[in-house]
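Every chain is numbered from 1, with letters handed out A, B, ... down the list of sequences.
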Amino acid sequence: MVRASALKPSSKFFLRKHRKWPVSTYNTRWHRIFNQNQAFQSLKKSSPPPENQPHLLLPTLVYSFNTYNVDPTPEAYHFVLKTLTKTSQFDHIAPVLRRLETVEKFDTPEHIFAHLIGFYGRWNRTQDAIDLFYRILRFRCVPSALSLNALLYVLCGSCEGLKLVPEILLRSHVMGIRLEESSFRILIDALCAIGKVGYAIDIMNCMMNNGYGLNVKICSLILSSMCEQKDSEGVDVMEFLGEMQKLGFCPGMMDYSNVIRFMVKQGRGLDALNVVIKMKGEGIKPDVICYTMVLHGVITEGDFKKADQVFDELLVLGLVPDVYTYNVYINGLCKQNKVESGLMMISSMEELGCKPNLITYNILLKALCNNGELRRARELMREMTLNGVGVNLQTHRIMLDGLFGKGDIEEACVFMEEMLDKVLVRFCSSFDEVIYGLCHRGLACKAMELLKKMIDKNVAPGAKAWEALLLSSGSEPSLEETTWTGLVEPMVALP
DNA sequence: AGTCCCTACG
């Protein structure tokens with residue numbers, strides 16, 4: 001039999017015109033593809049329900065293609081494997097792979113393995129994923145970063161998996177896989193997520209040594225991870241930033257915000273201020289959030305002169321302070337004992353169209369209480385309610401601490417009872433203070449009454465309350481044994 | 001994304 005395709009194009013044309021015998025239709029390429037399509041359609045139609053008869057999927061594949069007298073296609077195998085993975089039929093995947101490896105001759109497309117590796121990963125079958133990755137070459141497939149990345153995703157999902165990464169990378173090298181930027185990215189993401197920023201930096205350096213340029217997103221990610229670390233020094237962060245800038249990294253607003261937040265949390269408000277100066281030098285206008293954080297940092301450091309400068313500067317830059325900015329500023333005024341100025345800010349804010357919120361009032365209430373101006377504190381609390389600003393547990397705690405601190409234990413008791421009736425609270429250290437105070441004034445009976453009420457309302461007394469009551473029980477004849485057992489029993493059930 | 005309070009035990 002002469003195959004038309006084996007002949008030169010010119011003679012092919014000659015034969016078509018003058019041939020004496022028909023070319024076998026079954027040997028033409030298009031017919032083979034047609035039959036393979038038919039077989040694939042028949043496989044899809046006659047596929048047994050995988051939930052009940054997964055073992056019949058492979059025989060159906062073989063049968064369908066045999067019927068059409070063609071070899072099975074990679075797509076048909078992918079269909080069978082996808083059907084099995086959709087229904088989590090682990091045990092029936094192995095025979096399909098075995099046949100794909102030993103019987104079939106075609107080059108298996110890599111995406112089939114990437115899909116399977118991901119599937120094993122989702123079901124925590126890390127070892128299956130690794131085994132398949134190592135086997136890929138036996139399927140006449142040249143693996144690339146596609147399958148490697150699929151495996152890296154799986155391994156990066158757990159700490160145990162992450163430990164296997166170095167071995168996999170060495171093996172990938174032997175398998176001829178070239179690491180892509182995406183592969184590095186997966187590793188850096190994973191390391192940052194578990195707080196191993198130092199290793200993430202190593203990987204980034206390794207990436208750049210491999211000829212990849214500086215990646216802005218990776219830089220930002222590492223910087224933000226450094227800023228989330230509790231133990232990293234501010235110097236480290238600035239050092240890293242400087243190094244990256246030398247390599248061409250241009251930090252954006254978000255990067256600088258992260259650095260400023262980090263500095264302020266470390267109590268380095270003046271360093272944070274320097275970051276703002278650096279931003280301006282680079283032509284980036286810090287936003288009101290950056291300024292609010294810096295203002296907060298500078299006030300925490302007690303540099304109120306700088307704080308005023310910072311506030312003026314943001315106004316000069318045309319930024320509009322919002323309630324966060326005002327709250328920070330008012331807090332600064334209160335720390336300088338300028339409570340009157342702080343109270344005046346409330347009306348200024350309202351004139352400027354910025355409504356004071358719960359936090360604004362809490363700051364001022366605390367300042368008034370600290371100054372012993374409890375009557376004005378009560379007035380302000382009333383005022384805030386009138387202005388439609390609700391109170392919260394903090395507000396009550398501030399008031400209770402104020403009443404107690406002023407030495408008005410009677411009023412503190414009344415207030416505490418009100419709180420227990422009105423406020424949803426599980427624990428409040430101020431309650432302990434009241435009980436402690438009562439015991440030390442020889443008022444253990446009142447203390448006991450409040451303690452009972454706390455337990456009644458499901459509020460847990462702290463160690464300080466229990467200790468005070470136990471110590472005063474000796475000198476207080478009215479506390480009987482039954483009272484104690486009656487109290488201790490429900491206490492056991494407390495959260 | 002940033003403000004008040006501080007979320008107690010080893």
Query raised in the report: Just checking D322(A): base, sugar-phosphate only, or nothing, at a heavy-atom cut-off of under 4.0 Å?
Result: base
With sequence neighbours left out, write down each residue that passes salt bridge (charged side-chain N to carboxylate O under 4.0 Å, His left out) with [X], or none if nothing qualifies.
X: K406(A); answer: none
X: D432(A); answer: none
X: E313(A); answer: K280(A)

Go through [range] and report each residue with a non-hydrogen atom lying under 4.0 Å from DNA chain B, sorted by number.
range: residues 286-309 of chain A; value: D287(A), V288(A), I289(A), T292(A), M293(A), H296(A)
range: residues 357-373 of chain A; value: I359(A), N362(A), I363(A)
range: residues 327-346 of chain A; value: N327(A), V328(A), N331(A)

[X] [atom1] - [N] [atom2] separation (whole Å):
X: L319(A); N: dA1(B); atom1: CG; atom2: P; result: 18 Å
X: N392(A); N: dT3(B); atom1: CG; atom2: C1'; result: 13 Å
X: M263(A); N: dA1(B); atom1: CE; atom2: P; result: 21 Å
X: D401(A); N: dC4(B); atom1: CG; atom2: C1'; result: 14 Å
X: M384(A); N: dC4(B); atom1: CE; atom2: P; result: 16 Å
X: F262(A); N: dG2(B); atom1: CZ; atom2: C1'; result: 17 Å
X: M349(A); N: dT3(B); atom1: CE; atom2: P; result: 15 Å
X: Q266(A); N: dG2(B); atom1: CD; atom2: P; result: 16 Å

Query - Partner set under side-chain hydrogen bond (donor to acceptor under 3.5 Å, both in side chains) for Q245(A), not counting sequence neighbours - result: K278(A), E282(A)
Report summary line: Applying side-chain hydrogen bond (donor to acceptor under 3.5 Å, both in side chains) to Q229(A) and not counting sequence neighbours gives none
Using residues 352-359 of chain A as the side-chain source, report each donor-acceptor pair under 3.5 Å to any protein atom, sequence neighbours left out, with the distance given to one decimal.
residue: N357(A); atom: OD1; partner: N327(A); partner atom: ND2; Å: 3.2
residue: N357(A); atom: OD1; partner: I359(A); partner atom: N; Å: 3.1
residue: N357(A); atom: OD1; partner: T360(A); partner atom: N; Å: 3.1
residue: N357(A); atom: OD1; partner: T360(A); partner atom: OG1; Å: 2.9

Requested in this report: Looking only at side-chain atoms of F427(A), point me to the closest of dA8(B), dG2(B), dC6(B).
Outcome: dA8(B)
Report summary line: With the side chain defined as heavy atoms from C-beta on, S257(A) is closest, among dA8(B), dA1(B), dT3(B), to dA1(B)
Query raised in the report: Just by distance, with hydrogens left out, do N387(A) and Y361(A) show a side-chain donor and acceptor under 3.5 Å apart?
Result: yes
In residues 342-351 of chain A, what donor-acceptor pairs under 3.5 Å come from side-chain atoms, sequence neighbours left out?
residue: S347(A); atom: OG; partner: M344(A); partner atom: O; Å: 2.9
residue: S348(A); atom: OG; partner: M344(A); partner atom: O; Å: 3.1

**Report entry** Listed partners of K338(A) passing side chain to side chain contact (heavy atoms under 4.5 Å, CB included), at least two apart
**Finding:** L333(A), Q336(A), S341(A)
Report task. With rounding to the nearest 0.5 Å, note down the distance linking CE in M204(A) to CG in L214(A). Result -> 7.0 Å
Requested in this report: Could you note down all residue pairs passing side-chain hydrogen bond (donor to acceptor under 3.5 Å, both in side chains) where residues 174-195 of chain A supplies at least one of them, sequence neighbours left out?
Outcome: N149(A)-S182(A), N149(A)-S183(A), R178(A)-Y212(A), E181(A)-N215(A), R185(A)-D189(A)
